[in-house]
Undergrad: 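One structure, as structure tokens, below. Some questions next.
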2 protein chains.
Amino acid sequence: MTALADPTRRLVFERLRGGARPVGALAAGLPVSRPAVSQHLKVLKEAGLVREERDGTRRFYSIDPAGLGALRRWIDGFWDTALDAFAAEVAADAKQRGKR
Amino acid sequence: MTALADPTRRLVFERLRGGARPVGALAAGLPVSRPAVSQHLKVLKEAGLVREERDGTRRFYSIDPAGLGALRRWIDGFWDTALDAFAAEVAADAKQRGKR
DNA sequence: CGCTTCCGTAAGCCATAGCTAACGGTAAGC
DNA sequence: GCTTACCGTTAGCTATGGCTTACGGAAGCG
């Protein structure tokens with residue numbers, strides 16, 4: 001969650017949609033330098049959102065379904081309890097209205 | 001997404017699970033002062049993740065299903081395309097293996 | 001072996017963001 | 001009206017974090 005905070009880092013992450021990309025390809029077109037992209041990838045990797053795969057001097061980065069899945073479950077859990085709370089409040093409100 | 005970056009802010013947000021809470025109740029138990037919580041709530045509100053409801057001098061904050069839903073859809077879209085890309089890579093890899 | 005490509009890391013600078021302390025404003029109770 | 005409770009906003013400090021520049025390592029190529 002913290003890993004996806006920075007806008008530039010989200011840009012890098014979104015460029016990973018569609019499959020694995022080497023660092024150079026990711027940095028090209030982005031408004032920041034290549035080392036900056038490397039640093040972002042490091043953060044994303046430590047967060048479990050991205051995987052690294054080496055091939056010679058090049059390193060391909062791709063989205064890690066495990067990390068993304070964990071994030072999805074976190075949001076979903078939030079979604080469920082939030083809706084429950086919302087329904088409970090509506091019910092309580094209806095009860096209040098019924099009393100007067 | 002940026003709004004949920006800060007750990008303290010996530011703590012505030014998680015305290016909103018279970019329904020509406022006044023600012024004082026949220027700040028109690030948190031490691032920061034009450035004004036800090038107010039500032040976090042302001043950010044969450046501007047992000048559309050939280051709603052405000054006034055009752056006298058007190059203001060109740062609760063999770064806004066709309067904002068949370070938008071976040072959920074963003075993640076879900078990511079999840080779908082990421083899996084598609086993953087499947088495509090597996091297929092391409094199988095094709096490679098078949099060639100040799 | 002040089003040379004080049006592709007990349008990670010370290011140092012340093014600078015803007016941003018979170019925190020506290022202090023203040024002001026509004027509603028309720030007496 | 002005075003006091004108290006509850007809360008938002010501001011000013012100012014400090015730390016965090018993102019960016020660039022520079023350097024160094026590892027693998028292909030001649």
Undergrad: Side-chain contact, heavy-atom cut-off 4.5 Å: B:Leu16 with B:Leu49?
TA: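 The answer is no, as the side chains (C-beta and beyond) never meet within the 4.5 Å cut-off.
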
Undergrad: Any side-chain heavy-atom pair from B:Met1 and B:Trp74 closer than 4.5 angstrom?
TA: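 Contact flag for B:Met1/B:Trp74 side chains = yes.
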
Undergrad: How far does OH of A:Tyr61 sit from CG of A:Leu26, to the nearest 0.5 angstrom?
TA: 9.5 Å

Undergrad: Hey, any chance B:Leu30 and B:Phe13 share a hydrophobic cluster, counting ILVMFWY side chains that come within less than 4.5 Å of each other, even indirectly?
TA: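 Result: yes, single cluster for both.
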
Undergrad: Just the endpoints, please: which first and last nucleotides of DNA chain C, 5' to 3', lie under 4.0 Å from a heavy atom of chain A?
TA: C:dC6 to C:dA10

Undergrad: Within residues 6-33 of chain A, find the residues that approach DNA chain C with a heavy atom at under 4.0 Å, and present them sorted by residue number.
TA: A:Pro22, A:Val23, A:Gly24

Undergrad: Could you measure the distance from the CG atom of A:Leu68 to the CZ atom of B:Phe78? Nearest 0.5 Å is fine.
TA: 7.0 Å

Undergrad: Are A:Leu71 and B:Trp79 side-chain neighbours, meaning at least one heavy-atom pair lies under 4.5 Å?
TA: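 They are not in contact (no side-chain heavy atoms under 4.5 Å apart), so the answer is no.
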
Undergrad: What pairs of residues pass the side chain to side chain donor-acceptor pair (under 3.5 Å) test when at least one of them lies in residues 26-44 of chain A, not counting sequence neighbours?
TA: A:Arg9-A:His40

Undergrad: Return the minimal non-hydrogen interatomic distance between B:Ala85 and A:Gly18, and the atom names on each side.
TA: CB-C, 3.6 Å

Undergrad: Are B:Leu41 and B:Val32 grouped together when hydrophobic residues (ILVMFWY) are joined by side-chain heavy atoms under 4.5 angstrom apart?
TA: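 Yes, it is one cluster - the side chains of B:Leu41 and B:Val32 are joined through contacts under 4.5 Å.
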
Undergrad: Regarding B:Tyr61, tell me which of base, sugar-phosphate or nothing describes its non-hydrogen contacts under 4.0 Å with the strands shown.
TA: sugar-phosphate

Undergrad: Earliest and latest nucleotide of DNA chain D, 5' to 3', sitting under 4.0 Å from a non-hydrogen atom of chain B?
TA: D:dC6 to D:dT10

Undergrad: Looking at DNA chain C, which of residues 38-58 of chain B put a heavy atom within less than 4.0 Å of it?
TA: B:Gln39, B:His40, B:Gly56, B:Thr57

Undergrad: Quick test of your reading: applying side chain to side chain donor-acceptor pair (under 3.5 Å), list the pairs with at least one residue in residues 10-31 of chain A, sequence neighbours left out, ordered by first then second residue.
TA: A:Arg10-B:Thr2, A:Arg17-B:Thr81

Undergrad: Looking at B:Glu52 and B:Lys45, is any side-chain nitrogen of the basic one under 4.0 Å from a carboxylate oxygen of the acidic one?
TA: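 Salt bridge: yes.
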
Undergrad: Locate the shortest heavy-atom distance separating A:Pro31 from A:Leu11; write the atom from each residue and the value.
TA: CD-CD2, 4.4 Å

